[in-house]
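As structure tokens, the structure follows; a few thoughts come after it.
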Amino acid sequence: MDTGILILRLLVGLLVAGHGVQKVSSHLGGKGLEGGTEEFRADGFRGGALTALAAGGGQIGSGLLLAAGLLTPLAATGAIGVMTVALTVKWRHGLWVQNDGYEYPLVLIGIAAALAATGPGAWSLDAVLGLSPYPSWWAALALVAGLGSGLLTRLVLHRTPAAPAIGER
């Protein structure tokens, strides 16, 4: 079981971190901070470079913590939060990824929640430092806080489309 959890942690953690690197740099196929900023603006978000930095930093931090198995409930909360924002962006396209849907962010949310529920396993920094196992209620807290923070971010930072002017309806 510990081997399976390690594989999941490394796969999801490094993918989430890599996605964050792409938001803020030209590494891993990213378009630099300017490209990350433009991506958020095109998706209707306020904040410009600060939004891209916060999202990229959140993805890098939560992804690396998940991969290392360090502060696993907090890492899962961060990953769930940033992937909830991604899910809200892709929601209008439906579920399936081939239509630019939210399938992939949903899978990452599910895996992060599962890791919060199972814990990081024996081959983790949490285990080495004596931080795990975490009480089972941490998983519920990670899921609720992650979903809530992602939805709150969407609510606060997303621009509402302007209503059409009279005569344009």
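Side-chain atoms are counted along with the backbone in the values below, which use heavy atoms only and exclude waters and symmetry mates.
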Task: Trp96: ring-ring contact (aromatic ring centres under 6.0 Å, His included) partners, not counting sequence neighbours - done: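 Trp96 satisfies ring-ring contact (aromatic ring centres under 6.0 Å, His included) with no residue once adjacent residues are dropped.
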TODO: Go through the structure and list residues passing ring-ring contact (aromatic ring centres under 6.0 Å, His included) with Tyr104, not counting sequence neighbours.
DONE: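 None.
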Distance-only donor-acceptor hits, side chain of residues 114-123, under 3.5 Å, sequence neighbours excluded:
residue	atom	partner	partner atom	Å
Thr118	OG1	Ala114	O	3.2

What pairs meet the salt bridge (charged side-chain N to carboxylate O under 4.0 Å, His left out) rule with one or both residues in [range], with sequence neighbours excluded?
range	value
residues 49-63	none
residues 2-16	none
residues 74-92	Lys90-Asp100

Task: Under the salt bridge (charged side-chain N to carboxylate O under 4.0 Å, His left out) test, residues paired with Glu39 that sit two or more places apart - done: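 If we apply the salt bridge (charged side-chain N to carboxylate O under 4.0 Å, His left out) test to Glu39, skipping adjacent residues, the hits are Lys23.
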When the side chains of residues 49-64 are checked against the rest of the protein, which donor-acceptor pairs come out under 3.5 Å, sequence neighbours left out?
residue	atom	partner	partner atom	Å
Thr51	OG1	Arg46	O	2.5
Gln59	OE1	Gly20	N	3.3
Ser62	OG	Gly58	O	2.7

Task: Pairs satisfying side-chain hydrogen bond (donor to acceptor under 3.5 Å, both in side chains), at least one member in residues 70-89, at least two apart - done: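 Found Thr72-Asp126, Thr88-Arg154.
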- [ ] Looking only at non-hydrogen atoms, find the nearest pair between Leu66 and Ala75 and report the distance.
- [x]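 Looks like N-CB, 3.6 Å.
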TODO: Quick one: list whatever passes side-chain contact (heavy atoms from CB on, under 4.5 Å) with Leu28, sequence neighbours left out.
DONE: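 Applying side-chain contact (heavy atoms from CB on, under 4.5 Å) to Leu28 gives Val21, Gln22.
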Task: Other ILVMFWY residues reachable from Leu141 by side-chain steps of under 4.5 Å - done: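 Leu65, Leu70, Leu71, Leu74, Leu125, Leu129, Leu131, Tyr134, Trp137, Trp138, listed by chain and number.
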Task: Qualifying ring-ring contact (aromatic ring centres under 6.0 Å, His included) pairs with a residue from residues 43-95, counting only residues at least two apart or across chains - done: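 Those involving residues 43-95 are Phe40-Phe45, Phe45-His158, Trp91-Tyr102.
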Task: Min side-chain heavy-atom separation Leu155-Leu151 under 4.5 Å - done: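 When only atoms from C-beta onward are counted, Leu151 and Leu155 do not touch, as no gap falls below 4.5 Å.
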